[in-house]
J.: 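I am attaching a structure below and will ask some questions about it afterwards.
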Amino acid sequence: MDKVYEPAKYESDIYQKWEQSGAFSPTKNADAEPFSIIMPPPNANGSLHAGHLMYVVEDIATRYSRMQGRPTLWLPGTDHAGIETQYVYEKKLEAEGKSRFDLGPQKFYDEVMVFTQAQQGTIITQMKSMGFSADWSKLKFTLAPDIIDTVYDTFIHMHKEGYIYRGNRIVNWCPRCGAAFPDIETDHIEREGKFYTLDYGALKIATTRPETIFADVAVAVNPKDPRYKNLIGQTATIPIIDRVIPIIADEHVDQKAGTGALKVTPGHDFNDYEIGLRHNLAEITVIDFEGKMINVPEEYAGLPVAEARQKVAEALNSAGKLIEEKTIVHAVAIHDRCGTVIEPLLSEQWFLRIKELNKPVIDAIESEAVKFHPPRFKRLALDWLKQEHDWCISRPGWWGIRIPVYYMTNNDPSKEPHFVAKTEDEARKYYGEGNYRAETDTFDTWFSSSQLPYADLMATGDFEQFYPTTLMATARDILHKWVTRMIMFSLYVKSEVPFRNVYLWGMVTDEKGQKLSKSKGNYGDPLEITAQYGTDALRLALSIGITPGNDDKLSEEKIAGYRNFCNKLWNVARFSAGKVGEGYMPSAVELKTPADHWIAERLNQTVTKATEAIEAYRFSEAGQLAYALLWDDFADKYIESAKSNLNANLLIAGLEVILKLIHPFAPFVSEAIWQELPWHKSLLISESWPELSFQPDSKEAEQFQLEVIDMLAKADEGRKQAALQREISAKQNLVRLTETKLTNDAFIKNAPEQVVTRERELLAQTKVQLKQLEGEIGKLTSS
RNA sequence: GGGCAAUUAGCUCAGUUGGUUAGAGUGCACGGUUCACAUCCGUGAGGUCAGAGGUUCGAAUCCUCUAUUGCCCACCA
């Protein structure tokens, strides 16, 4: 074995061996409980980003269950990512001086398909280099025909049952993308703007959006507002165009905001739309899908919103209707992907009535049929579900799953205006040749990706064995748009939750807490990091010292630290292999020396604790336990004692337990070592998880404590004396403290008996140890 | 405005249901060419656990309030 572990020398070979061995495919062990994870599909439009690194968590869980002997399936996939991929590709076209309209829908779709297939290859290569042990042979793309088929079935069924409807509703419209987005895909940013107070005749109105006055249909006041009580039922006048509109009363109006009177513009504001529904008001549209003014006086028509605002304000001012103008900072909704200001406007879209469908989801989460890790996300999910609005599922993109609908183009009164069908043949039969057109809009990406748990498993033929899945591990920020919706679809389609457990991780940031991104320059290609420090070092840095649900600060120092750990492990193995010599074959372990009993005890304890930790999704703790076992116990103490007193079988057995414990976290180095040990014929990935195979005597183990001091001090008596002295004063302190406690009446009276007993035992035990130590130091000083 | 999280050693973080003297990694200082490892070994300094109050025999841990930071939701007409 080399003196230093060089990851680059081993990693790709090892990965190949794993793949060729078939270890990534589930075994058929009928007795054991199946374990499965659906991999959150990375978008097939770029390369791996920092968030995907956290899939390490899934790999740890997968490798652990596999070693537990459970049939284990980690099913990977990639996502077509609808409109997002469309942007990416349009940008590429733009660079070539082309647009998607030069290609047309079909050619565009085909080109993007080629592009995503190529990107998918990159992503898979990167994930493999991270050591991810997913079953790549079963990889599913969200545009695979069998996935589309399932998505269509769901849509058709939901439509039939009235959950899906087509409606003219107010939506978050992004003029740049020419598409509507759900609330969850918008962000709010603080921006400076003008706050205008306008003269509406009977009262004054404050607004940040004077350009929408042409779409006003009423003025609303709070019915309890004494200032305006007598005006309810009267009229106000829109300035410039002098249109008369009613003054109505609505509870929603905040008396403290602005002037306490609200211009109601149902066509361009969400709240106003609601007010409009309550009062049966008309909806006027004055902004079109490109964000330009329409249905307004000629001088404003065709202007972009921002310009129109300026111009209308000026006109109001010269008409003497502008009473006040001040600068304020207010929040503006933007599209989270492209940053364009959202225009709320009315549009014909497909919607999913979600309130009813969410009810079983709420039950499932409340009853913990789906369990959250960490548990605080349970309430977060519930809060969101209770107030979710109807979901706009259509997007006017060309890249995605086309909504399976056909529209009538002649006016046959005996036929429905639209017809939902999987195939065009059905539409042709219904409307007759030439009397229909196919919908061109596609589904919101989340409509399909939220059906993956069953759609994927059905497509790969694993549904029976692996549904519902064991674990869904994903990023905290898609709890709402993905996790809760997967539960919703699964309960609707399969009457069963899609997964039993949800593990959420936070953002991976740099040491300053900044999100890792290429544009900020604080995120290199993970392949570069792994080439320098080894994949295992990165994996350990991502899994130890982190808390689920919280952001994870990653630094080069941290990664370097775990690189050192891998090297330590390597050298422990190098020492052990050298010590037992060539031709060694393991045989039954016998515990002889106190050191043997002590390390056996430590091995047992760590196996127990680490197993518990992993079962409870506390991966960090499990990793840390293995780390400490190797370094503090095995390397620093047991190996030191083994130098003078070798127990070859135990040395090797101990090393092997450690290799197994650390394998889910650091699969490459552990496997590399496993292969270096000549008596191994199989791969570590397929070995079974360690069991408590030692029967140590704890009295013997205790004895080792003294030997450690002896050993560390060796030739240097001064150091030994100092070490003993330290131990003695520590024990004396402890005795004093415990005695004080035990003579405290209040403690004896009130503390639970268990605790008191434990303290007494502790005291007795410490006193014995103290005596031993004092004996030791006595021997030393007399000699 | 509502919610969630964080606040523990210079830095990054552990600390499971309240119960030994609050830990680790990293950094720092000092000392080491011991035949597994300088990606190492040993020793050491460094914390009134954000602040205040409370519950308790006992609080980093539970409760209340406050402060700072980050995130999420709603809204700002």
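Naming: A, B, ... by sequence-line order, numbering from 1 per chain. For clarity, every value in this text was computed on a predicted model and none was experimentally measured.
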J.: Checking base pairs now: Watson-Crick or wobble, both atom distances under 3.5 Å. What partners B/C4?
T.: B/G70
J.: From the list B/G19, B/C72, B/U26, which nucleotide is the closest neighbour of the side chain of A/E557?
T.: B/U26
J.: Show the numbers, then the answer: is there a salt bridge (charged side-chain N to carboxylate O under 4.0 Å, His left out) between A/K386 and A/E366?
T.: CA-CA 12 Å; A/K386 283 172 185 161; A/E366 271 175 352; 3.7 Å; yes
J.: Taking the side chain of A/W631 as heavy atoms from C-beta outward, which of B/C57, B/A36, B/C40 is closest to it?
T.: B/C40
J.: Applying a 4.0 Å non-hydrogen cut-off, can you work out what A/A635 is touching in the nucleic acid: base, sugar-phosphate, or nothing?
T.: base
J.: Please report the distance, rounded to the nearest Å, between CG in A/D551 and C1' in B/C4.
T.: 13 Å
J.: Determine the Euclidean distance between corresponding C1' atoms of B/G15 and B/G2; express it in Å to zero decimal places.
T.: 31 Å
J.: In whole angstrom, give me the gap between the C1' atoms of B/A67 and B/C11.
T.: 23 Å
J.: Want to settle it: does A/Q624 or A/D477 sit nearer the 5' end of RNA chain B, counting the closest nucleotide to each?
T.: A/Q624
J.: Would you kindly give the CD1-to-C1' distance between A/I673 and B/A36, to the nearest whole Å?
T.: 11 Å
J.: When the P atoms of B/G23 and B/U48 are considered, how many whole Å apart are they?
T.: 15 Å
J.: Identify whether any heavy atom of A/R618 sits under 4.0 Å from a base atom; if not, whether one sits that close to sugar-phosphate; answer base, sugar-phosphate or nothing.
T.: base
J.: Among the nucleotides B/A77, B/A36, B/A5, which one has an atom lying closest to any side-chain atom of A/F575?
T.: B/A36
J.: Under a 4.5 Å cut-off applied to non-hydrogen side-chain atoms, are A/I639 and A/L651 in contact?
T.: yes
J.: Which residues within residues 263-276 of chain A lie with some heavy atom under 4.0 Å of an atom in RNA chain B?
T.: A/N271
J.: Let's see if you can work this out: which of B/A36, B/G25, B/A6 has an atom nearest to the side-chain heavy atoms of A/N550?
T.: B/A6
J.: Using a heavy-atom cut-off of 4.0 Å across all strands, would you classify A/K3 as base, sugar-phosphate, or nothing?
T.: sugar-phosphate
J.: Taking atom C1' in both B/C40 and B/G46, what distance in whole Å separates the two?
T.: 24 Å
J.: Can you find a side chain N or O atom of A/R379 that sits less than 4.0 Å from OP1 or OP2 on B/C4?
T.: yes
J.: For B/A60 versus B/A6, give the span between their C1' atoms, rounded off to a whole number of Å.
T.: 14 Å
J.: Find the partner of B/G58: check Watson-Crick (N1-N3 plus N6-O4 or O6-N4) and G-U wobble (N1-O2, O6-N3) distances, both under 3.5 Å, and reply none if neither fits.
T.: none
J.: Taking the minimum atom-to-atom distance to the side chain of A/K553, which one of B/C13, B/C57, B/A36 wins?
T.: B/C13
J.: A/K568 near the nucleic acid: base, sugar-phosphate alone, or nothing, with a heavy-atom cut-off under 4.0 Å?
T.: base
J.: Scan A/R563 against the nucleic acid and name what it touches under 4.0 Å (heavy atoms): base, sugar-phosphate only, or nothing.
T.: base
J.: Which nucleotide, if any, forms a Watson-Crick or G-U wobble pair with B/A77, using both distances under 3.5 Å?
T.: none
J.: Just verifying a value: how many Å separate A/W391 CH2 and A/N358 CG, rounded to the nearest 0.5 Å?
T.: 10.0 Å
J.: Determine the interatomic distance between P on B/U33 and the same-named atom on B/C37; round to the nearest Å.
T.: 15 Å
J.: Give the ring-plane orientation class for A/Y617 versus A/H373, where under 30° counts as parallel, over 60° as perpendicular and anything between as tilted.
T.: tilted
J.: For a quick check of understanding: with a heavy-atom distance under 4.0 Å over all strands, which category does A/T208 fall into, base, sugar-phosphate or nothing?
T.: sugar-phosphate
J.: Could you go through the side chain to side chain contact (heavy atoms under 4.5 Å, CB included) check for A/K204 and A/E324 one step at a time?
T.: CA-CA 10 Å; A/K204 294 174 190 127; A/E324 200 192 344; over 6 Å; no
J.: Residues two or more places apart in sequence or in another chain: which of them pass ring pair (Phe, Tyr, Trp, His ring centres under 6.0 Å) with A/Y10?
T.: A/Y5, A/W570
J.: Which of residues 744-751 of chain A have a heavy atom under 4.0 Å from RNA chain B?
T.: A/N744, A/A746, A/F747, A/N750, A/A751
J.: Mind calculating the distance between CD (A/E556) and P (B/U39) to the nearest angstrom?
T.: 15 Å
J.: Taking B/A22 as the reference, what is the distance to B/A9 when you measure between their C1' atoms (whole Å, please)?
T.: 11 Å
J.: Hey, does the side chain of A/N564 come within less than 4.0 Å of B/C37's phosphate (OP1/OP2), counting only N and O?
T.: no
J.: Contact class for A/K731 (heavy atom, under 4.0 Å): base, sugar-phosphate, or nothing?
T.: base
J.: Looking at A/D636, A/D633, A/D632, which hits salt bridge (Lys or Arg N to Asp or Glu O under 4.0 Å) with A/R602?
T.: A/D633
J.: Which of parallel (below 30°), tilted (30 to 60°) and perpendicular (above 60°) describes A/H335 and A/F181?
T.: parallel
J.: Is A/K643 paired with A/E640 through a side-chain N to carboxylate O contact shorter than 4.0 Å?
T.: yes
J.: Roughly how far apart, to the nearest Å, are B/C13 and B/U8 at atom C1'?
T.: 9 Å
J.: Once you apply a heavy-atom cut-off of 4.0 Å, does A/I639 come out as touching a base, just sugar-phosphate, or nothing?
T.: base
J.: For residues A/K263 and A/T265, is any side-chain donor paired with an opposing acceptor at under 3.5 Å?
T.: yes
J.: Given B/U12, B/C37, B/A77, which nucleotide is nearest the side-chain atoms of A/V253?
T.: B/A77
J.: Should A/W384 be listed as having a side-chain N or O under 4.0 Å from OP1 or OP2 of B/C4?
T.: no
J.: Base, sugar-phosphate alone, or nothing: which one does A/Y562 contact when heavy atoms must sit under 4.0 Å apart?
T.: nothing
J.: In Å and rounded to the nearest 0.5 Å, what is the CD1 to NZ distance from A/I213 to A/K321?
T.: 10.5 Å
J.: May I ask which nucleotide in the shown strands pairs with B/U26, Watson-Crick or G-U wobble, both distances under 3.5 Å?
T.: B/G10
J.: Quick one: which of B/A77, B/C37, B/G3 gets closest to the side chain of A/L380?
T.: B/G3
J.: Please give, in whole Å, the distance from B/C13 C1' to A/D552 CG?
T.: 11 Å
J.: Using purine N1 to pyrimidine N3 plus N6-O4 or O6-N4 for Watson-Crick, or N1-O2 and O6-N3 for G-U wobble, each under 3.5 Å, what pairs with B/G53?
T.: B/C63
J.: NZ of A/K609 versus C1' of B/G15: gap in Å, rounded?
T.: 12 Å
J.: Hunt down the Watson-Crick or G-U wobble partner of B/U20, both distances under 3.5 Å, from any strand shown, or write none.
T.: none
J.: What's the verdict on salt bridge (charged side-chain N to carboxylate O under 4.0 Å, His left out) for A/D216 and A/R209, showing C-alpha distance, side-chain angles and the deciding distance?
T.: CA-CA 11 Å; A/D216 288 353; A/R209 304 207 57 185; over 6 Å; no
J.: So, OP1 or OP2 of B/A36: does either fall under 4.0 Å of a side-chain N or O from A/K579?
T.: no
J.: Let me spell it out: for each of A/R209 and A/Q732, pick the nucleotide of RNA chain B with the closest heavy atom. Which residue's pick is nearer the 5' end?
T.: A/Q732
J.: Have a look at A/G545 and say if it touches a base, only the backbone sugar-phosphate, or nothing, with a 4.0 Å heavy-atom cut-off.
T.: sugar-phosphate
J.: So do the side chains of A/L479 and A/W384 get within less than 4.5 Å of each other, counting heavy atoms only?
T.: no
J.: Looking at A/K378, I'd like to know if its NZ atom is crowded, meaning that more than 12 non-hydrogen atoms belonging to other residues, nucleotides or ligands lie closer than 6.0 Å.
T.: yes
